[in-house]
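First the structure, in the form of structure tokens, and then the observations on it.
In the text below, chain A, chain B and the rest are named by the order of the sequence lines, each starting its count at 1.
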Amino acid sequence: MPELPEVETIRRELAKEIVGKKLDGIKIIGVRRRAKILIIDLINGQSLLFHLKLTGQLLFNSQPGKYTRAVFCFNDGTNLIFNDKIKFGWWKKVKNVSQIEKQFGPEPLEDDFTSEKFQQMLARRKNAKIKPLLMDQKFIAGIGNIYSDEILFKAGIHPLRRVVSLKFNEIEQIFGAIKIVLKTAVKQRGSSIRDYLDIYGKKGDYGKFHQVYHRENQACPKCGEKIKRIKIGGRSAHFCPKCQKL
DNA sequence: CAATCGTCCTGCGGGC
DNA sequence: TGCCCGCAGGACGATT
């Protein structure tokens, strides 16, 4: 499921391929990402937005298939294919992209997302459960089910912990885990759970690094305990009951 | 006000 | 073997 590292991978690859080309005669001036949304900026001030949700794919210079929802043709004969098996994803053209961009929390890999800022953000959400909070796009941008599980495992924090119960040092641990897990996942070009592929149809390598996500009943890589899966607000959370105590 | 619930959609896995 | 049922899952709107 495309989260920050997957969308960022697509962004980087797509920027190399299409910036400077034209779509319906309008020059593409940039490819950006905000949270899990891919943004293609056009010279006329409009932007093309994509949200891949669970099963969306953006394939460069490919052929339409069974699940193709849209095809975008560039002036040089190349194209971009939007596939989406379960139709949760969407794309749209907007005039004021900044309006949409400001609906999200800070970008976790930006330098202005500091541990001081994170401590302040959490101070305002004392009663929240930490895992759903990390997945709240208005709180922090781009983190979904895979990476919230991996971040909390790395930090040694149980997904149901209330913010109020977190010690200063535990928040520092979570902060550090956010940075390193996401950075490493971007480096590995994301995780190919379900249908995720990059624009060349290649899978991401970060799945090999998953410690808990989709590893229910398997041994914890740290202590050997069986990884557990529980439901939190309708979503599944994976964790080690020994390394991540409530 | 903030947390939780239902909804969208469809492939897939489990059970018989 | 094949059918049927129910689950998964991001984000939004409604509800409590």
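- In this structure, A:Y196 atom OH and C:dG9 atom P are separated by 19 Å, rounded to whole Å.
- For A:E8 and A:R12, the salt-bridge test passes: some basic side-chain N is under 4.0 Å from an acidic carboxylate O.
- Note on A:K131 versus A:D149: salt bridge recorded, some NZ/NE/NH1/NH2 to OD/OE distance being below 4.0 Å.
- The phosphate of B:dT4 has OP1 or OP2 within less than 4.0 Å of a side-chain N or O from A:K129.
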query = When every nucleotide of nucleotides 10-16 of chain C is labelled 5' to 3' by its protein contacts under 4.0 Å (heavy atoms), B for base, S for sugar-phosphate only, - for none, what sequence of letters results?
reply = BB-----
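- Computed from coordinates, the A:H214 NE2 to C:dC7 P distance equals 16 Å when rounded to whole Å.
- Taking only side-chain nitrogens and oxygens, A:K87 never comes nearer than 4.0 Å to OP1 or OP2 of B:dC8.
- Between A:F209 and A:Y206, the two ring planes are parallel [angle under 30°; tilted spans 30° to 60°].
- A:R229 comes within contact range of the sugar-phosphate backbone alone, with a heavy-atom separation under 4.0 Å but no base atom that close.
- Comparing A:G234 and A:R69 against DNA chain B, the residue whose closest nucleotide sits nearer the 5' end is A:G234.
- Other residues, nucleotides and ligands contribute over 12 non-hydrogen atoms within 6.0 Å of the NZ atom of A:K222.
- Distance A:K85 NZ to B:dC9 C1': 12 Å, rounded to the nearest Å.
- Here A:Y67 reaches the OP1 or OP2 of B:dG11: one of its side-chain N or O atoms lies under 4.0 Å away.
- Residue A:R125 contributes atom CZ, which lies 10 Å from atom C1' of B:dC1 at whole-angstrom precision.
- Within the 4.0 angstrom heavy-atom criterion, only backbone atoms of the sugar-phosphate kind lie near A:S236; the bases stay farther away.
- Nearest approach of A:T184 to A:I180, heavy atoms of both residues: OG1-O, 2.6 Å.
- Rounded to whole Å, atom C1' of B:dT10 lies 11 Å from atom CG of A:D195.
- Across the protein-nucleic acid pair, A:I230 atom CD1 and C:dA8 atom C1' stand 16 Å apart, rounded to whole Å.
- In this structure, A:N127 and A:K66 both approach DNA chain B, and ranking their closest nucleotides by distance from the 5' end singles out A:N127.
- Protein atom CG of A:N83 is 15 Å distant from nucleotide atom C1' of B:dG11, rounded to whole Å.
- A ring-centre distance under 6.0 Å is found for A:F113 and A:F118.
- Between the C1' atom of B:dG11 and the CZ atom of A:R194 lies a distance of 7 Å, rounded to the nearest Å.
- For A:F50 and A:F72, the gap between ring centers is short of 6.0 Å.
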